[in-house]
Amino acid sequence: MVKLTVLGSGTCVPHEKRGSSGYLLGTDTGSALFDCGNGTVWKLEKIGVDYLGIDNVFITHFHPDHTSDLIPLLFATRHPYGKKREKTLGIWGPDGFSEFLEKLRTPYREWVRPELVEIHEIRKKKQKIGDLEIKTFKTVHTENSIGYVVRCGGKKIVYTGDTGYFPGLRKVASGADIFVTECALPDSEKMAVHMTPSDIAEILRESNPKKIALSHLYPSMDGRDLRKEIEALSGNRETEIIVAEDFMEIVA
């Protein structure tokens with residue numbers, strides 16, 4: 001079984017029910033975080049997951065709402081209060097990630113450099129990391145932003161991170177058991193670097209992931225019936241459309 005727990009379904013904008021981006025992927029043999037926005041670390045404790053037991057963290061890009069909890073994660077790993085990390089934590093990111101973390105040492109010094117932590121830039125588009133087969137793809141957001149295709153336990157999980165629409169998303173979504181994607185804004189607020197319901201509909205017209213989880217939702221998406229809206233636009237009645245909420249569990 002593969003279980004995805006939504007730790008943050010929101011954005012950089014403070015919201016009483018949605019934290020910044022963070023997703024926990026649990027398998028039969030381990031767990032990994034995808035993005036680590038503010039609030040992610042304490043939410044792990046709230047759902048009963050020991051932060052010291054996380055195997056890997058995968059970052060899509062360097063914006064604060066996707067990376068800010070790396071600081072408390074690293075600090076708490078260095079000073080775990082009566083516990084200790086027993087296995088190495090891998091933290092992975094796109095080009096420039098090593099430099100990004102190195103710069104954190106200027107204000108935070110050794111506090112963000114605990115033992116048993118290894119920092120990696122994902123140089124290969126496809127590689128095996130623990131029990132996960134990881135493949136990355138370029139997204140339309142920042143110069144070095146990426147998304148992840150994860151295969152484990154016979155399942156395909158896709159996480160786009162932040163991105164504007166591009167045709168390649170249809171291929172990425174095809175055959176996915178869980179396709180986690182942003183649906184940040186209504187069509188009236190369309191931006192090149194974020195997606196709207198019509199963009200999601202465009203993806204679903206030519207691909208049929210089993211489940212699509214709409215996330216990274218700005219406050220202007222509150223109160224909208226996104227399922228009905230996207231079904232009407234796409235004509236897709238096969239894919240289960242899920243509007244992500246913090247602490248939601250999605251099983252594949």
Side-chain angles (χ1 to χ4, degrees), residues 1-11 15 17-18 21-27 34-35 60 132-133 135-141 146-252:
M1 181 184 76
V2 176
K3 181 172 71 174
L4 184 79
T5 303
V6 180
L7 298 174
S9 58
T11 64
H15 191 290
K17 295 182 179 179
R18 298 186 185 279
S21 297
Y23 306 85
L24 177 69
L25 183 66
T27 70
F34 286 82
D35 280 336
T60 58
L132 307 179
E133 182 184 289
K135 184 178 180 180
T136 65
F137 57 95
K138 185 73 184 73
T139 58
V140 179
H141 192 64
I146 57 175
Y148 292 91
V149 179
V150 185
R151 295 185 183 273
C152 56
K155 303 295 184 180
K156 176 183 177 182
I157 314 298
V158 179
Y159 172 47
T160 67
D162 291 5
T163 184
Y165 173 79
F166 62 97
L169 287 170
R170 294 175 294 190
K171 181 178 180 180
V172 169
S174 181
D177 293 278
I178 305 174
F179 180 61
V180 185
T181 185
E182 71 144 86
C183 184
L185 298 162
D187 286 306
S188 61
E189 299 178 28
K190 173 67 177 171
M191 297 175 62
V193 295
H194 286 298
M195 288 201 287
T196 67
S198 64
D199 293 323
I200 302 301
E202 185 66 26
I203 294 170
L204 292 183
R205 286 191 191 102
E206 296 192 33
S207 65
N208 290 296
K210 292 179 182 178
K211 298 179 181 181
I212 182 170
L214 309 176
S215 197
H216 201 265
L217 300 158
Y218 275 91
S220 55
M221 300 299 267
D222 289 354
R224 302 178 72 98
D225 190 341
L226 291 175
R227 296 183 190 88
K228 185 176 180 180
E229 194 172 339
I230 290 168
E231 283 183 354
L233 288 168
S234 68
N236 184 325
R237 298 294 186 272
E238 298 178 29
T239 297
E240 179 183 353
I241 299 173
I242 300 166
V243 180
E245 299 177 359
D246 289 18
F247 300 110
M248 174 183 283
E249 295 182 350
I250 306 170
V251 177

As an exercise, state the distance from [atom1] of [X] to [atom2] of [Y], rounded to the nearest 0.5 Å.
X	Y	atom1	atom2	value
Asn208	Asn236	CG	CG	5.0 Å
Lys171	Phe166	NZ	CZ	11.5 Å
Glu229	Thr196	CD	OG1	8.5 Å
Leu204	Phe179	CG	CZ	8.0 Å
Tyr218	Glu189	OH	CD	10.0 Å
Ile146	Tyr159	CD1	OH	11.0 Å

- Query: Would Thr181 and Ile212 count as a side chain to side chain contact (heavy atoms under 4.5 Å, CB included) if you check the C-alpha gap in whole Å, the side-chain angles of each, and the deciding distance to 0.1 Å?
  - Reply: CA-CA 7 Å; Thr181 185; Ile212 182 170; 3.8 Å; yes
- Message: Within the 4.5 Å heavy-atom criterion, are Asp222 and His15 side-chain neighbours or not?
- Response: yes
- Would you say Glu202 and Arg170 make side-chain contact, with heavy atoms under 4.5 Å?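 They are in contact (side-chain heavy atoms under 4.5 Å apart), so the answer is yes.
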Which heavy atom in [X] sits nearest to a heavy atom in [Y], and how many Å separate them?
X	Y	result
His141	Val193	ND1-O, 3.0 Å
Ser198	Asp187	OG-OD1, 2.5 Å
Leu132	Leu25	CD2-CD2, 4.4 Å
Ala244	Leu217	O-CD1, 4.0 Å
Pro209	Thr239	O-OG1, 2.7 Å
Glu249	Thr5	CG-OG1, 3.8 Å

- Query: Would you say the side-chain atoms of Ser9 and Arg18 include a donor-acceptor pair closer than 3.5 Å?
  - Reply: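 Side chains of Ser9 and Arg18: pair found under 3.5 Å.
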Could you tell me whether a side-chain N or O of [X] sits under 3.5 Å from a main-chain N or O of [Y], the two making a donor and an acceptor?
X	Y	answer
Arg151	Glu133	no
Asp35	Gly161	no
Asp177	Ile157	no
Glu182	Met195	yes

- Task: For the pair Lys228 and Glu231, find out whether any cationic side-chain nitrogen is under 4.0 Å from an anionic carboxylate oxygen.
- Result: no
- Query: Applying salt bridge (Lys or Arg N to Asp or Glu O under 4.0 Å), which residue pairs with at least one partner in residues 232-241 are found, sequence neighbours left out?
  - Reply: none
- Val149 and Val172: CA distance, side-chain angles, deciding distance, side chain to side chain contact (heavy atoms under 4.5 Å, CB included) verdict: CA-CA 8 Å; Val149 179; Val172 169; 4.0 Å; yes
Enclosure of [X] [atom1] (heavy-atom neighbours >12, cutoff 6.0 Å):
X	atom1	answer
Lys211	NZ	yes
Lys210	NZ	no
Lys3	NZ	no

- Query: Which word best sums up how the rings of Tyr148 and Phe34 line up, parallel for under 30°, tilted for 30 to 60°, or perpendicular for over 60°?
  - Reply: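 Tyr148 and Phe34: perpendicular rings.
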- Task: Show your reasoning for whether side chain to side chain contact (heavy atoms under 4.5 Å, CB included) applies to Lys155 and Met1.
- Result: CA-CA 9 Å; Lys155 303 295 184 180; Met1 181 184 76; over 6 Å; no
- Query: Only one of Thr11, Thr160, Asp162 forms a side chain to side chain donor-acceptor pair (under 3.5 Å) with His216, so which one is it?
  - Reply: Asp162
- Run the numbers on Asp246 and Lys17 for side chain to side chain contact (heavy atoms under 4.5 Å, CB included), then give the verdict. CA-CA 7 Å; Asp246 289 18; Lys17 295 182 179 179; over 6 Å; no
